[in-house]
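Here is the structure we will look at.
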Amino acid sequence: MEVMDTVGMTDNQYKDFIEAIKEDLEELNEYKETGDETRYNKKYKRIMERLEKSLKR
(Lines give C-alpha, C1' and ligand atoms only; values in the text may rest on other atoms or scores of the structure.)
Protein backbone atom coordinates (compact mmCIF):
# COMPACT_ATOMS: atom_id res chain seq x y z
CA MET A 1 0.00 0.00 0.00
CA GLU A 2 2.47 2.59 -1.19
CA VAL A 3 -0.01 5.49 -1.42
CA MET A 4 -1.20 5.04 2.15
CA ASP A 5 2.37 4.88 3.41
CA THR A 6 3.05 8.17 1.65
CA VAL A 7 0.04 9.94 3.19
CA GLY A 8 0.42 8.28 6.59
CA MET A 9 -3.02 6.68 6.71
CA THR A 10 -4.18 3.22 7.56
CA ASP A 11 -6.20 1.31 4.98
CA ASN A 12 -9.44 2.10 6.80
CA GLN A 13 -8.60 5.79 7.21
CA TYR A 14 -7.83 6.05 3.50
CA LYS A 15 -11.10 4.33 2.57
CA ASP A 16 -13.04 6.62 4.93
CA PHE A 17 -11.41 9.68 3.39
CA ILE A 18 -12.25 8.54 -0.14
CA GLU A 19 -15.84 7.69 0.86
CA ALA A 20 -16.29 11.15 2.40
CA ILE A 21 -15.02 12.84 -0.77
CA LYS A 22 -17.34 10.66 -2.88
CA GLU A 23 -20.34 11.63 -0.74
CA ASP A 24 -19.37 15.30 -0.94
CA LEU A 25 -19.15 15.12 -4.73
CA GLU A 26 -22.54 13.41 -4.96
CA GLU A 27 -24.03 16.16 -2.80
CA LEU A 28 -22.29 18.80 -4.90
CA ASN A 29 -23.79 17.25 -8.04
CA GLU A 30 -27.28 17.38 -6.50
CA TYR A 31 -26.87 21.10 -5.85
CA LYS A 32 -25.75 21.65 -9.43
CA GLU A 33 -28.67 19.66 -10.85
CA THR A 34 -31.21 21.60 -8.78
CA GLY A 35 -29.62 24.95 -9.60
CA ASP A 36 -28.77 25.76 -5.97
CA GLU A 37 -25.69 27.85 -6.71
CA THR A 38 -25.31 29.16 -3.14
CA ARG A 39 -25.10 25.71 -1.59
CA TYR A 40 -23.00 24.47 -4.52
CA ASN A 41 -20.42 27.22 -4.04
CA LYS A 42 -20.32 26.72 -0.27
CA LYS A 43 -19.86 22.94 -0.60
CA TYR A 44 -17.26 23.33 -3.34
CA LYS A 45 -15.26 25.71 -1.16
CA ARG A 46 -15.35 23.28 1.79
CA ILE A 47 -14.24 20.35 -0.40
CA MET A 48 -11.33 22.35 -1.79
CA GLU A 49 -10.28 23.54 1.68
CA ARG A 50 -10.30 19.96 2.97
CA LEU A 51 -8.24 18.74 0.03
CA GLU A 52 -5.74 21.60 0.41
CA LYS A 53 -5.43 20.86 4.13
CA SER A 54 -4.82 17.18 3.37
CA LEU A 55 -2.15 18.03 0.82
CA LYS A 56 -0.28 20.20 3.33
CA ARG A 57 0.02 17.43 5.94
Side-chain angles (χ1 to χ4, degrees):
M1 296 289 166
E2 189 174 313
V3 171
M4 286 173 270
D5 291 337
T6 302
V7 295
M9 292 180 160
T10 66
D11 187 41
N12 286 338
Q13 288 172 323
Y14 181 74
K15 287 178 182 178
D16 289 344
F17 178 76
I18 296 301
E19 183 64 30
I21 294 296
K22 180 181 178 249
E23 290 172 2
D24 284 344
L25 291 174
E26 289 170 347
E27 186 177 347
L28 191 67
N29 191 51
E30 289 175 17
Y31 296 152
K32 190 66 169 180
E33 288 177 351
T34 61
D36 191 341
E37 290 297 315
T38 302
R39 291 177 84 183
Y40 175 90
N41 291 332
K42 185 176 179 181
K43 186 70 171 187
Y44 178 84
K45 182 180 175 184
R46 283 188 295 190
I47 292 169
M48 293 305 289
E49 287 172 352
R50 184 181 328 145
L51 290 172
E52 286 295 325
K53 184 178 178 183
S54 295
L55 289 172
K56 291 179 183 178
R57 289 184 179 186

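Keep in mind it's a predicted model, so treat the numbers as computed, not measured. Along the sequence shown, residues are numbered consecutively beginning with 1.
- In this structure, CE on M48 lies 6.0 Å from CD on E52, to the nearest 0.5 angstrom.
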side-chain contact (heavy atoms from CB on, under 4.5 Å) between R50 and I21: does it pass, once the steps are laid out?
CA-CA 9 Å; R50 184 181 328 145; I21 294 296; 3.7 Å; yes
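- With sequence neighbours excluded, no residue forms a side chain to side chain contact (heavy atoms under 4.5 Å, CB included) with E30.
- Considering all non-hydrogen atoms of both residues, F17 and L51 come closest at CZ-CD2, 4.0 Å.
- Counted within 6.0 Å of OH on Y44, heavy atoms from surrounding residues, nucleotides or ligands total 12 or fewer; the atom is thus considered open.
- Under the side chain to side chain donor-acceptor pair (under 3.5 Å) criterion, E33 pairs with N29, not counting sequence neighbours.
- Residues satisfying the side chain to side chain contact (heavy atoms under 4.5 Å, CB included) criterion with K45, sequence neighbours excluded, are E49.
- Scanning all heavy atoms of the two residues, the minimum distance from D36 to R39 falls at OD2-CD, 2.8 Å.
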